[in-house]
Engineer: 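Below is a structure I'd like to ask you about.
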Number of protein chains: 2
Amino acid sequence: MSLNKYRFAMDEIQKFREYIREKGLRNTPERELIIEEIFSNHDHFDAEGLFLRLRNKMKRVSKASVYRTIPLLIECGLIKEVYFEDGHLHYEHIYGHRHHCHLRCICCGSVVEFADDRIPRLQNQIGKKHDFLVTSHRFEILGYCSECAPGQGMQGTCRPSGRGHAGNQG
Amino acid sequence: MSLNKYRFAMDEIQKFREYIREKGLRNTPERELIIEEIFSNHDHFDAEGLFLRLRNKMKRVSKASVYRTIPLLIECGLIKEVYFEDGHLHYEHIYGHRHHCHLRCICCGSVVEFADDRIPRLQNQIGKKHDFLVTSHRFEILGYCSECAPGQGMQGTCRPSGRGHAGNQG
DNA sequence: ATATTTATTGAGACTCATTATCAATAATAC
DNA sequence: GTATTATTGATAATGAGTCTCAATAAATAT
Ligand SMILES: [Zn+2]
Ligand SMILES: [Zn+2]
Ligand SMILES: [Zn+2]
Ligand SMILES: [Zn+2]
């Protein structure tokens, strides 16, 4: 179980080690701890949360190192930024994950991923129409999840904050 | 010309004045200056840029007032937030503007607006499939505009910065 | 008009996410 | 092992955005 836990992240960790070496950088225990933690599950994450997860497991890594490692992981194609509107950046794994978009509850913040073949088609048609060389798209659908849908049941769980709001971002 | 310049913003300005009054707030010269500046064109804008535009025209309004007026304009349905990934919020007019999405150049930051009937259909189908009560969507297509397309002509105009990058956001 | 009430203003303090600095440390190469 | 130099952690700095508060000025009543 504990052994298996990190088994599936071996590809990512290996890819990172190679990237570091190719770039003439150095593999360090801090970086190992950070990527092990990131790839110990498939969830979206943010820098602060990642830092706290490490800290709670007594893996002492400075916040600065967490912030410094994230761009390396982006550069080597293991993660990418996702934009929720809660005022700070979130990230998700991309290595071994097919491209997808997000459905997000504006009440509790929960996120559901979806993929649809029609989206890249649409993207390309629209790009061509406006003379753009399209490289990517971001499609986010906002609304209420079944738990939060107004009219029925509990909608009192909503806790909007400052700008946008956070929530259990799966 | 100068008279005409603000003619088309009369609806917006009037709507704002009424909203302020209905809410028991007060119309002030500062607020007038801010909304006149915002609706003096149809462009996207951000708080800092708006503040500087006012300042350059010798319309002295504090940054705090700029930041305080924006939420009022959102509440009364005149503008809304748009999310570009350059680390701060942008806004656009919605009163009298049909819903649209953005095509954005990752090189120079230029923005083209587009609308497509298939998008709301897609949004609703996907929402239904995942048991979400959909309220809105955000679809952004990223790529290179014709000026910046790699391979031909000038791509040296790219000036990426910190996180994402700014540019001439039309 | 004048007074009263209270929303608004501007300046600056503050927050929070993120980035930069820098001396001490520790990977790698020789 | 020694030299080189990337990395670390602590902390300062930044920058967008918010909050505070005393002074000001709309709206309204007198
Ligand atoms: Zn929900
Ligand atoms: Zn995702
Ligand atoms: Zn361009
Ligand atoms: Zn727009």
Side-chain angles (χ1 to χ4, degrees), chain A residues 16-35 44-52 54-55 58-76 79 81-91 160-166 169, chain B residues 16-35 44-52 54-55 58-76 79 81-91 160-166 169:
Chain A
F16 180 70
R17 287 191 187 125
E18 280 161 27
Y19 176 78
I20 288 297
R21 210 152 283 154
E22 280 165 18
K23 230 195 152 187
L25 304 178
R26 291 169 189 178
N27 283 303
T28 67
E30 290 81 2
R31 286 177 177 160
E32 291 281 320
L33 290 173
I34 292 167
I35 58 175
H44 297 161
F45 65 95
D46 57 24
E48 178 74 12
L50 175 56
F51 171 72
L52 292 175
L54 284 161
R55 159 158 298 204
M58 309 302 276
K59 313 273 177 73
R60 299 218 138 257
V61 181
S62 74
K63 201 173 280 193
S65 287
V66 169
Y67 274 103
R68 280 188 289 231
T69 302
I70 287 173
L72 294 173
L73 289 165
I74 292 175
E75 283 168 31
C76 82
I79 65 173
E81 295 178 341
V82 290
Y83 300 91
F84 299 146
E85 306 92 280
D86 62 347
H88 68 275
L89 285 168
H90 296 248
Y91 307 90
S161 69
R163 14 176 188 173
H165 67 286
Q169 273 121 12
Chain B
F16 181 70
R17 287 191 188 126
E18 281 162 25
Y19 176 78
I20 289 296
R21 210 154 280 156
E22 279 165 19
K23 230 194 152 188
L25 303 178
R26 292 171 189 176
N27 282 302
T28 68
E30 289 81 4
R31 285 177 178 160
E32 292 281 321
L33 290 172
I34 292 167
I35 58 174
H44 299 159
F45 65 96
D46 57 24
E48 177 73 14
L50 175 56
F51 171 71
L52 291 176
L54 285 161
R55 160 157 297 205
M58 309 301 278
K59 313 273 177 76
R60 298 216 138 259
V61 181
S62 74
K63 202 173 278 193
S65 288
V66 169
Y67 274 104
R68 281 186 290 231
T69 302
I70 287 172
L72 294 172
L73 290 165
I74 293 174
E75 283 168 31
C76 81
I79 65 173
E81 295 177 342
V82 290
Y83 300 91
F84 298 146
E85 307 91 276
D86 62 347
H88 68 275
L89 284 169
H90 295 247
Y91 307 90
S161 70
R163 15 177 189 174
H165 66 286
Q169 274 119 13

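Numbered from 1 within each chain, the chains take letters A, B, ... in sequence-line order.
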Engineer: Are any of the side-chain nitrogens in A:E30 or A:K59 under 4.0 Å away from the carboxylate oxygens of its partner?
Structural biologist: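 So A:E30 does not pair with A:K59 through a salt bridge.
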Engineer: Could you list by number each residue of residues 65-73 of chain B showing a heavy-atom separation from DNA chain C of less than 4.0 Å, or answer none if no residue does?
Structural biologist: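 Only B:S65, B:R68 qualify.
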Engineer: Got a sec, which residues hit salt bridge (Lys or Arg N to Asp or Glu O under 4.0 Å) with B:R17, two or more places apart in sequence or on another chain?
Structural biologist: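 By the salt bridge (Lys or Arg N to Asp or Glu O under 4.0 Å) rule, B:R17 matches B:E32.
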Engineer: To the nearest Å, give me how far apart CG (A:L52) and C1' (C:dA17) are.
Structural biologist: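 To the nearest whole Å, that distance equals 13 Å.
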Engineer: For DNA chain D, which residues in residues 22-34 of chain A have a heavy atom at a distance below 4.0 Å?
Structural biologist: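 Per residue number, the list reads A:L25, A:R26, A:T28, A:E30, A:R31.
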Engineer: Between D:dT20 atom P and B:K63 atom NZ, what is the distance in whole Å?
Structural biologist: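 Whole-Å distance recorded here is 20 Å.
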Engineer: So, do B:H90 and B:Y83 sit near enough that their side-chain heavy atoms are less than 4.5 Å apart?
Structural biologist: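 B:H90 does not reach B:Y83 side chain to side chain.
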Engineer: Expressed in angstrom and rounded to an integer, what is the separation of A:E48 atom CD from C:dT19 atom P?
Structural biologist: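 So the two atoms are 14 Å apart, to the nearest Å.
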Engineer: Are any non-hydrogen side-chain atoms of A:R55 and A:V61 less than 4.5 angstrom apart?
Structural biologist: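 No, their side chains stay 4.5 Å or more apart.
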Engineer: Is there a side-chain contact between B:T69 and B:F16, using heavy atoms and a 4.5 Å cut-off?
Structural biologist: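 In contact.
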Engineer: Check whether any side-chain N or O of A:R60 sits under 3.5 Å from a backbone N or O of A:L54 as a donor-acceptor pair, and report yes or no.
Structural biologist: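 Judged by distance alone, no pair lies under 3.5 Å.
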Engineer: What integer distance in Å separates B:I20:CD1 from D:dA25:P?
Structural biologist: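 My rounded result for the distance is 19 Å.
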Engineer: Report which part of the nucleic acid A:R21 touches: base, sugar-phosphate, or nothing (heavy-atom distance under 4.0 Å, all strands).
Structural biologist: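 No contact.
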Engineer: State which of D:dC19, D:dA10, D:dG17 makes the closest approach to the side chain of B:L89.
Structural biologist: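 Minimum distance to the B:L89 side chain belongs to D:dG17.
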Engineer: With a 4.5 Å cut-off on side-chain heavy atoms, are B:L25 and B:L72 touching?
Structural biologist: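 A side-chain contact under 4.5 Å exists here.
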Engineer: Between B:E48 and B:K63, is there a side-chain heavy-atom distance shorter than 4.5 Å?
Structural biologist: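 When only atoms from C-beta onward are counted, B:E48 and B:K63 do touch, with a gap below 4.5 Å.
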Engineer: Is B:H44 close to B:Y91 at the side-chain level, that is, under 4.5 Å between some pair of heavy atoms?
Structural biologist: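 In short, these two side chains do not touch, never coming nearer than 4.5 Å.
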Engineer: Rounded to whole angstroms, how far apart are CZ on A:F45 and P on C:dT18?
Structural biologist: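 My rounded result for the distance is 11 Å.
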Engineer: In whole Å, I'd like the distance from the CZ atom of A:F51 to the P atom of C:dT18.
Structural biologist: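 Distance, rounded to whole Å: 13 Å.
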Engineer: Quick one: A:L50 CG to C:dT18 P, roughly how many Å, whole number?
Structural biologist: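 After rounding, the reported distance stands at 12 Å.
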Engineer: For B:H90 and D:dG17, give me the distance from atom NE2 to atom C1', rounded to whole Å.
Structural biologist: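 Atom NE2 in B:H90 sits about 14 Å away from atom C1' in D:dG17.
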